[in-house]
Amino acid sequence: MHVNDVLDDSRVGTLVNVRGWVYRSRESGQLIFLVIRDSTNIVQVVVEKGAVTPEEFEMAKKSNIETSIEVEGKVSKEQKAVTGYEIHATKVKVYQFAENFPITKDKSDEFLLDIRHLWLRSREMTAIMKMRETVLDSIRDFMRERGYHEVQPPMFVGGMVEGGSTLFEVPYFGEKAYLTQSSQFYLEAFMYSLESVYTISPSFRAEKSRTRRHLTEYSHYEAEAAWVGNQQMMDLEEEMIIAIAQSLLSSNKGELEIVKRDLKKIKSVEKPFYRYRYEKVIEIGRQKGLQLDDVTDLGEKEERVITEDFDKPIFVYNFPTELKPFYHRPDPADPSHVMNHDVLAPEGYGEIIGGGERIWSKDELISRMRNDNLNPEDYQWYVDLRSFGSVPHSGFGLGVDRLLTWLAGLDHINKVVPFPRTIRRLKP
RNA sequence: GCCGCUGUAGCUUAGUUGGUAGAGCACCCGGCUGUUAACCGGGAGGUCAUCGGUCCGAGCCCGAUCAGCGGCGCCA
């Protein structure tokens with residue numbers, strides 16, 4: 001039986017059996033309190049001398065934190081117990097006495113990263129992993145409902161997607177392969193058959209970034225759809241983010257409480273999100289005291305200042321063409337701007353999505369590449385897609401870890417990833 | 001890659017103008033029948049990141065190296 005099943009009025013007075021790990025232990029003479037943790041919750045167990053055999057009492061006494069244990073006993077309601085109920089033990093079985101657990105009440109973020117394989121057991125990490133699962137589930141539910149197909153692009157790639165300096169190089173039978181930075185080009189290939197596609201896959205960036213929102217390996221949720229324009233794609237993303245926020249609220253109240261998230265901040269994520277042209281956002285930044293040129297990419301600091309006072313996400317659309325990669329489609333009515341968008345999360349969190357309409361004319365794509373000093377030969381198969389029945393299409397890429405960092409109200413992206421990979425951390 | 005900061009017990013840390021390294025938690029022993037990361041008494045635990053220098057004397061001053069953290073740039 002799981003701990004959560006015990007925490008119920010209908011169990012009071014009955015005999016139950018739970019297995020798990022010792023979360024806290026305290027003794028007071030002839031009385032031992034063991035708080036047992038399993039994947040569902042925690043519950044207090046009281047071991048009284050005389051209620052179990054002398055051997056069992058000794059075992060309970062020796063059970064330090066993380067000892068794996070099985071307990072049988074009678075349930076009672078008890079206000080003084082952490083989760084409102086407690087088990088009065090009649091049988092105690094220890095599977096393994098734990099060595100001294102290194103995690104105590106005083107711990108630094110750095111130490112927790114060093115022993116992440118153990119910190120994974122904490123209530124915080126357990127809560128975050130459950131919320132992560134909800135986010136992924138609700139992405140899949142939402143996309144399936146909209147007729148999108150989930151696909152699996154390759155992680156080993158032969159060419160560059162966005163400039164060589166940020167690629168991880170791996171030896172590949174005498175050749176050089178790279179770990180993918182984005183599956184966008186592959187999704188565009190899938191689009192010609194399945195029309196609306198998405199993937200949730202890792203992406204790898206060898207950027208030497210040292211910020212609270214960068215990882216070298218992250219979960220990238222990307223989508224691509226035929227016949228869809230920039231504004232329509234924004235509509236989809238808006239509804240999707242709301243759907244994710246709603247499912248967190250309905251499935252993970254307890255978990256949000258454990259990470260101390262103010263539920264009001266998630267409840268306020270509803271239609272309509274703010275939608276501003278790029279120039280308008282530059283103006284907002286200036287009003288908040290930032291020194292910004294007319295055409296400038298927004299860094300982490302700028303996004304933080306700009307989004308600080310907002311209560312829901314902000315779309316920033318139609319960036320100056322010169323700021324964006326070649327594949328973004330220039331607005332036919334104003335070629336100095338592309339038909340793209342970013343989504344900035346509120347409360348200072350900043351960019352979580354980049355997306356927009358792709359160039360679908362072969363000639364236009366080649367001329368934009370030349371403009372950026374890229375050789376179309378290097379992108380041969382990508383260009384080739386435009387030779388056989390090209391169609392208007394749009395897509396986006398969302399950083400799943402950034403999204404969760406914001407929704408859970410955490411201060412660092414490495415808190416939402418079980419084993420974060422950063423420029424200075426490859427272990428555990 | 002650049003700038004800044006930090007490194008003392010398993011963890012979190014104090015350490016005064018340079019003069020015998022101190023505590024809390026965890027751990028071990030003892031006590032306690034209602035504890036809430038309990039409490040009371042006792043104990044053990046230190047190459048002060050590493051290497052070198054200055055000095056009668058270095059945790060403290062100087063230099064180098066290593067590791068980590070924060071920020072910038074770049075990005076999702």
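Numbered from 1 within each chain, the chains take letters A, B, ... in sequence-line order.
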Could you work out the separation of [N] and [M] based on their [atom1] atoms and round it to a whole Å?
{"N": "B:rU36", "M": "B:rG22", "atom1": "P", "value": "31 Å"}
{"N": "B:rU16", "M": "B:rG30", "atom1": "C1'", "value": "38 Å"}
{"N": "B:rC74", "M": "B:rU6", "atom1": "C1'", "value": "26 Å"}
{"N": "B:rG63", "M": "B:rA58", "atom1": "C1'", "value": "15 Å"}
{"N": "B:rC60", "M": "B:rG19", "atom1": "C1'", "value": "12 Å"}
{"N": "B:rU54", "M": "B:rA64", "atom1": "C1'", "value": "15 Å"}
{"N": "B:rC72", "M": "B:rC11", "atom1": "C1'", "value": "32 Å"}
{"N": "B:rC28", "M": "B:rA38", "atom1": "P", "value": "14 Å"}

- Measure the acute angle between the ring planes of A:H220 and A:Y218, then classify it against the limits of 30° and 60° as parallel, tilted or perpendicular.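 The arrangement is tilted - the two ring planes meet at 30° to 60°.
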- Item | A:S138: partners by side-chain hydrogen bond (donor to acceptor under 3.5 Å, both in side chains), with sequence neighbours left out |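 So A:S138 forms a side-chain hydrogen bond (donor to acceptor under 3.5 Å, both in side chains) with A:S247.
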Rounding to an integer number of Å, can you tell me how far [X] [atom1] sits from [N] [atom2]?
{"X": "A:N100", "N": "B:rA9", "atom1": "CG", "atom2": "P", "result": "17 Å"}
{"X": "A:F57", "N": "B:rC32", "atom1": "CZ", "atom2": "C1'", "result": "11 Å"}
{"X": "A:L215", "N": "B:rC74", "atom1": "CG", "atom2": "C1'", "result": "15 Å"}
{"X": "A:L118", "N": "B:rA26", "atom1": "CG", "atom2": "C1'", "result": "15 Å"}
{"X": "A:N64", "N": "B:rG10", "atom1": "CG", "atom2": "P", "result": "18 Å"}
{"X": "A:F97", "N": "B:rC27", "atom1": "CZ", "atom2": "C1'", "result": "16 Å"}

So, do [X] and [Y] have ring centers that fall under 6.0 Å from each other?
{"X": "A:Y186", "Y": "A:W381", "value": "yes"}
{"X": "A:Y379", "Y": "A:F326", "value": "yes"}
{"X": "A:F156", "Y": "A:Y178", "value": "no"}

- Message: Base contacts versus sugar-phosphate-only contacts with protein, heavy atoms under 4.0 Å: please encode nucleotides 67-73 of chain B as B, S and - from 5' to 3'.
- Response: -SBBBBB
- Message: Protein within reach of the bases, or only the backbone? For nucleotides 33-49 of chain B, mark each nucleotide 5' to 3' as B, S or -, using heavy atoms under 4.0 Å.
- Response: BBBBBB-----------
- Query: Taking NZ, NE, NH1 and NH2 as the nitrogens, is one of them in A:D8 or A:K77 under 4.0 Å from a carboxylate oxygen of the other?
  - Reply: no
- Task: Check whether any side-chain heavy atom of A:H328 sits under 4.5 Å from a side-chain heavy atom of A:E357, and report yes or no.
- Result: no
- Task: Taking the side chain as every heavy atom from C-beta outward, state whether A:Y317 and A:R277 have any atom pair closer than 4.5 Å.
- Result: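 A:Y317 vs A:R277: side chains touch.
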- Given the rule that a pair is Watson-Crick or G-U wobble with both distances under 3.5 Å, how would you write RNA chain B in dot-bracket, using | for pairs to a different strand? (((((((..((((.....[..)))).(((((.......))))).....(((((..]....))))))))))))....
Can you give me every donor-acceptor pair (side chain of residues 29-46 of chain A, partner residue at least two apart or in another chain, under 3.5 Å) with its distance?
| residue | atom | partner | partner atom | Å |
| --- | --- | --- | --- | --- |
| A:R37 | NH2 | A:E66 | OE1 | 2.7 |
| A:R37 | NH2 | A:E66 | OE2 | 3.4 |
| A:D38 | OD1 | A:T40 | N | 2.7 |
| A:D38 | OD1 | A:T40 | OG1 | 2.7 |
| A:D38 | OD1 | A:N41 | N | 3.2 |
| A:D38 | OD2 | A:V3 | N | 2.8 |
| A:T40 | OG1 | A:V3 | N | 3.4 |
| A:T40 | OG1 | A:N4 | N | 3.0 |
| A:N41 | OD1 | A:R123 | NH2 | 3.1 |
| A:N41 | ND2 | A:N4 | OD1 | 3.1 |
| A:Q44 | NE2 | A:E86 | OE1 | 3.1 |

- Whether over 12 other heavy atoms sit under 6.0 Å from A:Q287 CD: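 Yes, CD of A:Q287 has more than 12 neighbouring heavy atoms, counting only those of other groups under 6.0 Å.
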- Query: Under 4.0 angstrom, heavy atoms only, what part of the nucleic acid is A:I353 near: base, sugar-phosphate, or nothing?
  - Reply: sugar-phosphate
Would you mind writing out the side-chain donor-acceptor pairs for residues 11-20 of chain A within the sub-3.5 Å range, not counting sequence neighbours?
| residue | atom | partner | partner atom | Å |
| --- | --- | --- | --- | --- |
| A:R11 | NE | A:D5 | O | 3.3 |
| A:T14 | OG1 | A:R11 | O | 2.6 |
| A:N17 | ND2 | A:E70 | OE2 | 3.3 |

- With no hydrogens and no angle check, is any side-chain donor or acceptor of A:T296 less than 3.5 Å from a backbone partner on A:L292? no
